[in-house]
Amino acid sequence: MKPYPFTAVVGLPDLRLALVLSSISPAVGGVLVRGEKGTAKSTMVRALAGLLPSVDVVDGCRFSCDPEAPDPACPDGPHDVTISHRRPAKLVELPVGAAEDRVVGSLNLERALGEGVTDYQPGLLAAAHRGLLYVDEVNLLHDHLVDTLLDAAAMGRATVEREGVSVSHAARFVLIGTMNPEEGELRPQLLDRFGLTVEVASSRDPEQRVEVVRRRLAYEADPDGFAAEYAAEDAQLAADIEAAQRLLPAVKLPDDALRRIAEVCASFEVDGMRADIVTARTAVAHAAWAGRDEVTTDDVRVAARLALPHRRRRNPFDAPGISEEQLEQALRDAQPPEPGPEDDGPGSGSTPEEAPREVPQGEAPQGEPQQKPSGGQQKTVGAGETFKARVFRVKGTGEGERGRRSRAITDSGRTIGVQPPSVRDGRPHLVATVKAAAPHQKARGRDGAGLKLRRQDLRFALREGREGNLVLFCVDASGSMGAKARMREVKSAVLSLLLDAYQRRDKVGLVTFRGNAAELALPPTISVDAAASRLEGLPTGGRTPLAEGLLEAARVLRVEEIRDPRRRPLLVVVTDGRATSGPDAVARAQAAAGLLAGVTTIVMDCESGRMRLGLAADLAGHLGAEHVPLGDVAAESLANAVRARTGKAA
């Protein structure tokens, strides 16, 4: 069945342009497509492959070497470059759950030790060389694969090293990823590697939605016939891309355009210089696409809109995007001064930062407490600044998903021993394998150098690394927590812990309790920014149903143990320790704490004032938890305490 035609996709002009520009100039660095499900992200990417010009490759080369410039280190080389053929550019899809050997390739250790032969089987990176590498749901990609992609994207090569045997080959590709932000954000390192980013959303125009459905149904009824209807348009677009590729080397980037790029990047305070470089490359590609031989302000404007939104985010809680007014102001600031009267048009007054913001009815200015429209005693207080939080870890050693929090047995990390002989996967342990094979060499008739290995001789390494955990926040939102300054501190601390969870690749959930009940405000998810959003809008007021909060936390952990048994939990109870809802509130809270025995728990003590009852510390005792005062959540406070204690000891 033929793929859905690229030109048949309705709307999405920014995505269409970003994919085309990356095809014209692979040096741009690929495209990240962010958007809700069902917005044709994957459809457009898969259709793009059919528009790319064909490539010449050396016959018999599994690594797609260019006959004009073959890779001197190619594992299939040296090549006879006079024998080549032309083939279509490839679109290679990298599954989210792929093993590392499937991505970078694998070495046959048995042949390497026994015969001294480097038997290398190429992986997906080799297949994607000089083509497209597509990762659907790229935000769900395991850390070890992210690291592999980062290395290949930065170096243009893929390297496989196994027990002293090393193989390297060229791996230059256009990286295209799609993701649904609701399912979690990307690591900053990988996010920055994407040259361009595009936000897509389904149209709210009924006529456009009707056309989308009409075309999709027509395609499903007759894929070949539908593709034939758009064949001419696709062919014309492919010819335009090829023409732009030929024009690209001749496009000039004058100094005034380069200054505009620098002015824009400085205006948006992006980190590093990659933003300037990518914006410049994109502007050149856009000029070639427009048929111009010199970059103009319009090219810089388009390039900045595509290259900067994801680079100005300081943490996962920041919304992506750039201000159009700020972009225009930066472009105007970069224009050389001209004689004549001052321009009284847009931009001559206050900057976007200075312009007063119209506050909707019922909304307080940013940074001030916001009153919930429903009235009563409920109120919402915003968070203060985040900070670097202390690292809390789950006790013991797990076997969970790769991450950066707690100790775990993983397939990467430092080698701490040898797996039992029954374990037949992972990375081989060279010394243990040789020891297992050595006693049998005479019986196997070994003659000369090398070892005669059998599959049963292979031993695999036991490795210790770090895992990601389930961090479940159980937050007291009762009236005793509602003091404006105190609740702002609480939210800042929890947001800081959420940021730490994001960096350590944890799953997070949020339980809140107030009045006479508790609720699961956010089911466990890897979308840390969703948790931050729920926390930011959390209202406070009413009595303190501490028992109900702990019972709900216990219920959530039981369900998650069934759904995701390998991910160990870390419970963070945020409270002042009071229990005031219902009869025997304190006794019921202590009984509920008993249900959480064995769970690694942190009690963040939010009690304030001169007269303190120490109730949160008592709760920590019943939970078997670590008691941490709110002011000690910051990593700096722990460092200061250690320094003070060290100084006293000295």
Are the side chains of [X] and [Y] in touch, meaning some heavy atoms are under 4.5 Å apart?
X	Y	result
Leu149	Leu133	yes
Ile416	Ile409	yes
Arg466	Arg407	yes

Practice problem: Hey, could you give me each pair passing side-chain hydrogen bond (donor to acceptor under 3.5 Å, both in side chains) that has a residue in residues 591-607? Not counting sequence neighbours. | Solution: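 Every side-chain hydrogen bond (donor to acceptor under 3.5 Å, both in side chains) pair that includes a residue of residues 591-607, provided the two are not neighbours, is Asp605-His627.
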Quiz prompt | Residue pairs passing the side-chain hydrogen bond (donor to acceptor under 3.5 Å, both in side chains) test where at least one lies in residues 588-599, sequence neighbours excluded | solution =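 Counting only pairs at least two positions apart or across chains, the side-chain hydrogen bond (donor to acceptor under 3.5 Å, both in side chains) contacts touching residues 588-599 are Glu548-Arg588.
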Taking [X] for its side chain and [Y] for its backbone only, find out whether a donor-acceptor pair lies under 3.5 Å.
X	Y	answer
Arg543	Thr580	yes
Arg504	Arg404	yes
Lys491	Leu535	yes
Ser496	Ser492	yes
His310	Leu32	no

Quiz item: Got a salt bridge between Glu561 and Arg558, using NZ or NE/NH1/NH2 to carboxylate O under 4.0 Å?
Solution: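 Salt bridge absent between Glu561 and Arg558.
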Self-check item: Charged N-O contact under 4.0 Å between Arg567 and Asp506
Solution: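 Not counted as a salt bridge, because no side-chain N and carboxylate O are separated by less than 4.0 Å.
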Could you pull out the closest heavy-atom pair between [X] and [Y], with the gap in Å?
X	Y	answer
Gly515	Pro545	O-CD, 3.6 Å
Ser581	Ala585	O-CB, 3.6 Å
Ile261	Asp276	CG2-O, 3.7 Å
Val138	Phe194	CG2-CZ, 4.3 Å

Quiz item: Testing Val574, Val633, Leu623, Val628 for side chain to side chain contact (heavy atoms under 4.5 Å, CB included) with Ile602, which one passes?
Solution: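 Of the listed residues Val574, Val633, Leu623, Val628, the side chain to side chain contact (heavy atoms under 4.5 Å, CB included) partner of Ile602 is Val628.
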Exercise. May I have the step-by-step check of side chain to side chain contact (heavy atoms under 4.5 Å, CB included) for Leu470 and Leu557, ending in yes or no?
Key: CA-CA 9 Å; Leu470 165 61; Leu557 293 180; 3.9 Å; yes
Exercise. Would you check, one step at a time, whether the test side chain to side chain contact (heavy atoms under 4.5 Å, CB included) holds for Met604 with Leu497?
Key: CA-CA 11 Å; Met604 188 191 300; Leu497 290 172; 3.4 Å; yes
Rounded to the nearest 0.5 Å, what separation is found between the [atom1] atom of [X] and the [atom2] atom of [Y]?
X	Y	atom1	atom2	value
Thr410	Glu464	OG1	CD	8.0 Å
Arg393	Arg568	CZ	CZ	11.5 Å
Tyr134	Leu175	OH	CG	11.5 Å
Phe513	Asp476	CZ	CG	4.0 Å
Asp136	Thr178	CG	OG1	3.5 Å
Leu546	Ser478	CG	OG	9.0 Å

Practice problem: With side chain to side chain contact (heavy atoms under 4.5 Å, CB included) as the test, would you mind laying out the steps for Val556 and Leu520 before giving the verdict? | Solution: CA-CA 8 Å; Val556 172; Leu520 179 58; 3.8 Å; yes
Practice problem: Run through Arg505, Arg405, Arg390 and flag the one making a salt bridge (charged side-chain N to carboxylate O under 4.0 Å, His left out) with Asp500. | Solution: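 With Asp500 as partner, salt bridge (charged side-chain N to carboxylate O under 4.0 Å, His left out) holds for just one option, Arg405.
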Quiz item: Please walk me through it: do Leu472 and Glu560 pass side chain to side chain contact (heavy atoms under 4.5 Å, CB included)?
Solution: CA-CA 11 Å; Leu472 180 63; Glu560 279 302 304; over 6 Å; no
